[in-house]
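Below, each value reflects all heavy atoms present in this structure, side chains not excepted, and no hydrogens, waters or symmetry copies. On a predicted model such as this, the values are computed, not experimentally measured, just so you know. We count ligands from 1, going down the list as the structure has it; atoms in each ligand are counted the same way. Position 1 is the first residue of the sequence, and the numbers go up from there.
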Amino acid sequence: MLILAEAAGFEAFVGRLHPLLLHFPIALLIFAALLETGRWVIGKREHASISAATCLVFGTLLCVLTVWAGWELAEHESETGQLVEWHRWTAIATLALAVLATLALGLRRWKGPQWTGAHVGLLLLSGVMVAVSGHFGAEMVWGPGWVLEPLRAADPSPQTPSDLPSIDADPPVQEISIGWSDVEPIFANHCEKCHGPKRQKAGLQLVPWSVMFSGEMGDWVVSPGDPSTSLLHTLITLPATHDDVMPPTGKADPLSGAQIKLITDWISAGAPGPQGQTPPQPDADAETSGA
Ligand code: HEC
C-alpha cells in the first residue's frame with residue numbers, strides 16, 4: 001500500500017516537472033529546424049550542422065521526458081477536454097517526428113547524403129509540430145485565444161465577457177426575476193476556462209446552460225430551487241483556504257459576495273435558462289422514462 005502511494009506521489013511529482021521541461025524541446029527542436037532549413041535554402045547541404053545535430057539529439061531526449069511528464073500531469077490533475085487531447089496527440093506526433101529526424105540524421109552521417117532530404121524534412125516537421133503542440137498547451141493554461149486577445153480588444157463589443165476587475169464592482173442585485181443572463185457572465189469569467197466547451201476539469205461543463213442540465217439528473221451540480229443541496233453552491237461558498245473551493249484559490253479570480261448571492265438567488269429561482277426555461281423536472285422524467 002505504502003509503496004503504491006509512494007509510486008503515485010512520484011508520478012505526480014514527475015507530472016509537475018512538465019512546465020519546467022517543456023521549454024527545452026520547443027527551443028531546441030525549433031532552433032535545429034531553423035538552422036538546418038536555413039542551410040538547405042542557402043545550399044549548404046554537404047554535411048549536417050554539428051550545432052543543429054546537438055540540438056536535435058538533446059531536443060529529442062527532452063521531448064521524451066516532457067511527454068512523459070505531461071502524461072502524468074494530465075492523469076494526476078484530472079485534465080480532460082478537447083484541448084488536452086489536441087495537446088497530447090500533437091506532442092506525441094512531435095516526439096515521433098523528432099525520433100525519426102534523429103534516425104535520419106544518423107543515416108545521413110553514416111550512410112551518405114541520400115538521407116539529407118529525410119533529415120531536413122523530418123526536422124522541419126518536428127519544429128512545426130512542437131510549435132503547434134506548444135500552442136495548444138499554452139491555450140490550456142492561459143485560455144483559448146489568449147495571444148491574440150489584446151489585438152481583438154480594440155473591437156468594442158459589449159457582449160465580450162471581460163476579465164477586468166470591473167466584474168467585481170458589485171452588480172446590482174435583482175430581487176425579482178433573476179435570470180441566466182445575470183449569472184452567465186460570472187460563469188464565463190470565473191469558471192469557463194476550466195468548465196467550458198474547451199476544457200472540462202473533473203468532467204464538468206457549466207456553460208452553455210443546456211449542458212449544465214444534461215446527463216444524469218443525479219450528477220447535476222445544481223439542484224434547481226435548492227442551493228443547499230447544490231454541489232456548485234457548496235463549493236463556491238467554501239472558505240478561500242479550503243482545498244475544494246471553486247474557483248480554486250490562485251487559479252482564477254475569486255467570486256465576490258455579491259456574485260455568490262446572485263448565483264444563490266438564481267438557483268433558488270429554479271436555475272432558469274437563457275429564454276427563462278426551467279431545467280427538466282425529475283417527475284416528468286420519471287413518468288416519461290424511455291422517451
Ligand atoms: C483553474 C481551473 C478551475 C476553475 C477556474 C474552476 N474550477 Fe471547478 N473544478 C476544477 C477542478 C480541478 C475540479 C476537480 C477538483 C477535484 O476533483 O478535487 C473542479 C471541480 C468542480 C466541481 C465539482 C465537480 C464534481 O462533479 O465533482 C464543481 C461543482 C465546480 N468545480 C464548480 C466550479 C465553479 C462554479 C467555478 C467558477 C465559479 C469553477 N468550478 C472554476 C477546476 C476549476
Trainee: Using a 4.0 angstrom limit on heavy atoms, which residues are close to ligand 1?
Mentor: His190, Cys191, Cys194, His195, Lys201, Ala202, Leu204, Leu206, Val221, Leu231, Leu232, Leu235, Ile236, Met246, Pro247, Pro248, Lys251, Ala252, Leu255

Trainee: Would you please name every residue forming a side-chain contact (heavy atoms from CB on, under 4.5 Å) with Ala53, sequence neighbours left out?
Mentor: Leu105

Trainee: Could you report the tightest heavy-atom contact between Ala98 and Thr102, atom names first, then the distance?
Mentor: O-OG1, 2.7 Å

Trainee: Would you name the heavy atoms of Ala271 and Phe213 that are closest together and state the gap between them?
Mentor: CB-CZ, 3.7 Å

Trainee: Could you tell me if the side chain of Cys63 sits less than 4.5 Å from the side chain of Thr94, heavy atoms only?
Mentor: yes

Trainee: Looking at Lys198, I want to see if its NZ is surrounded by more than 12 non-hydrogen atoms of other residues, nucleotides or ligands under 6.0 Å.
Mentor: no

Trainee: Are the aromatic rings of Trp180 and Phe187 close, with centres under 6.0 Å apart?
Mentor: yes

